[in-house]
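Some notes on the structure that comes next.
Note that ligands are numbered from 1 as they come in the structure, with each ligand's atoms numbered from 1 the same way.
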Amino acid sequence: MDKFILAIDAGTTSSRAIIFNKRAEVIEIAQYEFSQFFPKEGWVEHDATEIWNTQLKAIKDVISKSKINPKSIDSIGITNQRETTVIWNKDNGQPVYNAIVWQDRRTASFCDKLKEDNKSELIQNKTGLVIDAYFSGTKIKWILDSKREIREQAEKGQLIFGTIDTWLIWNLTKGRHHITDPSNASRTLLYNIKIDKWDDELLEIFDVPRNILPEVVDSSAISAYIDNQIIGSKIPIAGIAGDQQAALFGQLCVNPGDVKNTYGTGCFCIMNTGKSSVKSKNKMLSTIAWRINGELTYALEGSVFVAGALIQWLRDKLGIIKDASEVENLANTVEDNGGVTFIPALSGLAAPYWDPYAQGTIFGITRGTENGHIARAALESIALRTRDIIIEMQKDAKIKFTNLKVDGGASKNNLLMQIQSDLLQTNVVRPKTTETTALGVAFLAGLASGFWKNISDLNDLWIEDKSFNPNLKNDSKHIINLWEIRIKKLLKDNE
Ligand code: ADP
C-alpha cells in the first residue's frame, strides 16, 4: 500500500490539510476559512473552537477527496500561525476566552512598561526576542488578568495554555497530550532559548503560572498518536513547527547561512545560524528553528511589513494595474527606473531603520516619468528592503550566504526575482512547490517516522523551478546608491 504524509497547516485566516506522497508531491488540499474578530481598535481574535472544527473538516475532506485509506497515512505534521494564544479548561476542553491573535496590539502599554523597567536586555538575552505585543507572553497575562476566576482556576491547575499547534494536538488526542515544540515555545517570551527550557524569571515577569505550560518535545519525533475515533486510525504526530521555521525546513535551508525569503503581503526572511543563537545588534529576532534528536538549530529572522501589499496599493489605490500579475509587464515597458526611488514605508519602516512614523515616499518624479517607472521602482523597493535585512543578518551572523531560496505569491514575478539577484549579487532560487510551509512539516514528520531516511533523501525531492543569476553589467550600484541617499533623507526629514 502506498503511504502518505498528512500536513496540517493552521494559518491565520484558514485551516488547511494537505496530503503529500513519497515524492513530496501534493496529492490533495482541503481548506476552510474561519472568522476574524476585531472587537476593538488594534484587537484581533479567533474562536479556537472554530479553528479546531474547520481543521477537522479540512482533514476529513482531504482524505475523502484524495480517496486514500486513513490507514495509509504514515504520519502527521502540524505547522501553525505562531504566537496566537489559547487558554482552556483541561476538564471540559472549553477555551476561557477567544484566541488572541499574533497581530493583536492590546498589550502594547504593558510592553512599554517592561521597557521602561529596563527589562529589554534581560529578555533579549534569554528569549532572543524584542519586547512586543506580537508574542504570546503578554497575551497569556492579559487573559489570566481579564477575570478573577480565570486567574484562580489557572493557579489551581484547572487551565492550560497553548499556541495553535498545542490546541490542535490536544484536540486530536482527545486531551491526552499537552505539548508543543521549541520553534513555537521560542515565540512566547517565556522560553529560554539558550537552555531550551521555560524560564522561572520570565514566568515571574509575565505573571504566568508554570503549571499551565505545555511540555516541549522535539520538532521531528513521534510525540503523540491521534485518537482512533478522529479519522478511524491511530496515526502518529511526528512533526511540529511554527510556520516560518517550517518553511525554512521545507526549503531545505538546513545548513548555517542558508536563507529563505517569503514574498507575501510582507516579506519574512529567515536565516539558519546553526548550533549557536546569534544576538542581533540590529533588532532582528533570534529564534529556535527546530529541535531534532534533542539538538537545537537556531535562526535569525527579519521582516518587511509591506511587500506584496505595495503591489496591491498600485492596483487598488493608484489603479495603474488591474491584477498583481500585471506589474511585471508594466515594469518591463521601461528599461530602468528612470531615476525614481520608491520608499515603501506604507506602515512605517521596520528593521534596520525602526521608524514607525516613516511614510511612503516616491522620489525623482519628472515630466518623463511613466507608470512603468513607478511599477519598476516599486518592485525594486521590495528587493531593496529585503537586501537591507539580509545585509544586517549577515553582519549579525558573520556568515555570507550564496543562495537565496524564495517562495510566496510575489516570488512568481520573474523580474522581481532577477532584480533581487542583481541587488544582492547572489543566486536566487525558486522551487517548484509553492507549499513550502506544509512541505517543511511533512519533511519533519517523515524523517521522524522513517518515511524518508535522511536529509540527503530529501535533497532529491526539492525541485528547482527557476534560478536567477546576478547580472554584473547592470545599474544595481546606482539603484542602491540612490536608495541609501534617499532613505537617509526621508528619515532625517522625520526627525
Ligand atoms: P499572503 O500569504 O501574505 O496572503 P501570498 O503568498 O498569497 O501572500 O502572496 C500574495 C501577495 O503577492 C499579494 O500581496 C500580491 O499583491 C502579491 N503578488 C501576487 N502576484 C504577484 C506578482 N506577479 N508580482 C508581484 N506581486 C504579486
One finds that the ligand 1 atoms under 4.0 Å from a non-hydrogen atom of Gly408 are 6 (O)

heavy-atom search around atom 25 (C) of ligand 1 in the protein gives Asn413 ND2, 3.6 Å

* Asked: Are Trp167 and Trp88 close enough that their ring centers fall under 6.0 Å?
  -> yes

I'd like to check atom 2 (O) of ligand 1 in this structure: does the protein have a heavy atom lying under 4.0 Å from it?
no

Atom 12 (O) of ligand 1: closest protein heavy atom, distance to 0.1 Å, is Ala410 N, 3.5 Å

Atom 22 (C) of ligand 1 has as its nearest protein heavy atom Ala324 O, 3.7 Å

Heavy-atom nearest pair, Ile193 first then Tyr298, reads O-OH, 2.5 Å

With heavy atoms and a 4.0 Å threshold, my read on which part of Ala309 contacts ligand 1 is backbone

for atom 13 (C) of ligand 1, nearest protein heavy atom and its distance come out as Gln312 NE2, 3.4 Å

Q: Flag the pair His46 / Phe34 as yes when their ring centroid distance falls below 6.0 Å, and as no otherwise.
A: yes

Review point. Are the charged groups of Asp9 and Arg16 less than 4.0 angstrom apart, N to O?
Key: yes

Hey, is ligand 1 close enough to Gly409 that some N/O pair sits below 3.5 Å?
yes

If the contact criterion is a heavy-atom separation under 4.0 Å, does Glu328 count as touching ligand 1?
no

Under a 4.0 Å N-O cut-off, is there an ion pair linking Arg385 with Glu380? no

- Task: Would you mind checking if Glu370 and Arg376 are paired as a salt bridge, meaning a charged N to carboxylate O distance below 4.0 Å?
- Result: no

Do the two ring centres, one from Trp142 and one from Phe110, sit under 6.0 Å apart? no

protein heavy-atom neighbour closest to atom 23 (N) of ligand 1 works out as Ser325 CA, 3.6 Å

Indicate yes or no: does Arg82 engage Asp243 in a salt bridge with an N to O separation below 4.0 Å.
-> yes

- [ ] For this output row, return yes or no: ring centroids of Trp452 and Phe443 closer than 6.0 angstrom.
- [x] yes

inquiry  = When you measure from the heavy atoms of Val327 to every atom of ligand 1, does any distance fall below 4.0 Å?
reply    = yes

The protein heavy atom nearest to atom 16 (O) of ligand 1 is Gly308 O, 3.0 Å

Is there a nitrogen or oxygen of Thr265 sitting under 3.5 Å from a nitrogen or oxygen of ligand 1? yes

Counting heavy atoms under 4.0 Å, the part of Thr262 that contacts ligand 1 is neither

